[in-house]
Amino acid sequence: MDKIALITGGSRGIGAATALLAASQGWAVAINYVRHAHAAEDIARQIRDAGGKAITIQGDVSVEADVITMFDTLDHELGPLTALVNNAGVVDHASRVDQMLGERLRRMFSINVLGSFYCAREAVRRMSTRHGGAGGSIVNVSSAASRLGSPHEYVDYAAAKGAIDVMTVGLAKEVAGEGIRVNAVRPGFIETEIHASGGRPNRVQELAPGIPMGRGGSAEEVAQSIVWLMSDASPYTTMSFLEISGGR
Ligand code: NAP
């Protein structure tokens, strides 16, 4: 059976590294993005140039109709899904909870929590043996923030990732008998553009001295764990959390 993966937020950062690594291991990949079409196309082109199979699909994971269309496109263009990586996610500028506006909170939870739920639902409808599927794997990209709480920076982001952790536990148990494994990775400080989007492009270098390993991680280092959890190399691993945070 073909290995077919959907990677949300696959145009940049951890998602892009995951798409490239998965494709190098024989996965056909659907690269979802919301705004950066050129970045997504560039990753897909690199995969095709190397002899792999990749498509790009625009869609905002926080918009239910977009997610439904995205999965329909995937069905038609690649075939039956075997792995979902719930990677699309956002941070915001550093703020105390007593300063957070409703608009910020709605965006944070809509993208990071509702988006992952919409995608997980569509994936289970396709992969579960209960629905006639052949099984598969879901990897949620959580964060070390869910353990640490991110005080004075973004408690809302940490809480959204906490919700993803609980979803990982509950959904893993719910579909364990239906051929689907559900796991999560918890990256620490990883060198990607997400920090610039939160107003601190040098955040990883600034905070590196506080990391036991003394350095931030790379998107490729996170991708290694995600692709392992997606694959048949982890057949008895479900409801697990991999800390990819340099000991933090
Ligand atoms: P990034 O470099 O900022 O990339 C974010 C990706 O998500 C992009 O592909 C972006 O698409 C996509 N995206 C954003 N909002 C979206 C939406 N509403 N719908 C669909 N796609 C959307 O981020 P990253 O650092 O790789 O982070 C990836 C995941 O890892 C996130 O869940 C993040 O919370 C988590 N994480 C990151 C770190 C870290 O230090 N970097 C640490 C812990 C956890 P466009 O290119 O179209 O904008």
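Each ligand, and each atom within it, is numbered from 1 in the order the structure gives. In this chain, residues are counted from 1 in sequence order.
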**Report entry** By salt bridge (charged side-chain N to carboxylate O under 4.0 Å, His left out) - contacts of Asp60 (at least two apart)
**Finding:** none

Report summary line: Shortest non-hydrogen pair, Ala16 vs Ile43, comes out as CB-CD1, 3.8 Å

For residues 25-33, please give each side-chain donor-acceptor pair under 3.5 Å, one per line with the distance, not counting sequence neighbours.
| residue | atom | partner | partner atom | Å |
| --- | --- | --- | --- | --- |
| Asn32 | OD1 | Gly9 | N | 3.0 |
| Asn32 | ND2 | Ile57 | O | 3.2 |
| Asn32 | ND2 | Gly59 | O | 3.0 |

Report summary line: Those residues at least two apart in sequence (or on a different chain) that pass ring-ring contact (aromatic ring centres under 6.0 Å, His included) with Tyr157 are Tyr154

Report task. Show the numbers, then the answer: is there a side chain to side chain contact (heavy atoms under 4.5 Å, CB included) between Asp66 and Val61? Result -> CA-CA 7 Å; Asp66 279 17; Val61 294; over 6 Å; no

**Report entry** Within the protein, residues bringing a heavy atom under 4.0 Å of ligand 1, chain by chain
**Finding:** Gly9, Gly10, Ser11, Arg12, Gly13, Ile14, Asn32, Tyr33, Val34, Arg35, His36, Gly59, Asp60, Val61, Asn87, Ala88, Gly89, Val90, Ile111, Val141, Ser142, Ser143, Tyr157, Lys161, Pro187, Gly188, Phe189, Ile190, Thr192, Glu193, Ile194, His195

**Report entry** Step-by-step side chain to side chain contact (heavy atoms under 4.5 Å, CB included) determination, Phe241 to Val169
**Finding:** CA-CA 9 Å; Phe241 296 85; Val169 171; 3.9 Å; yes

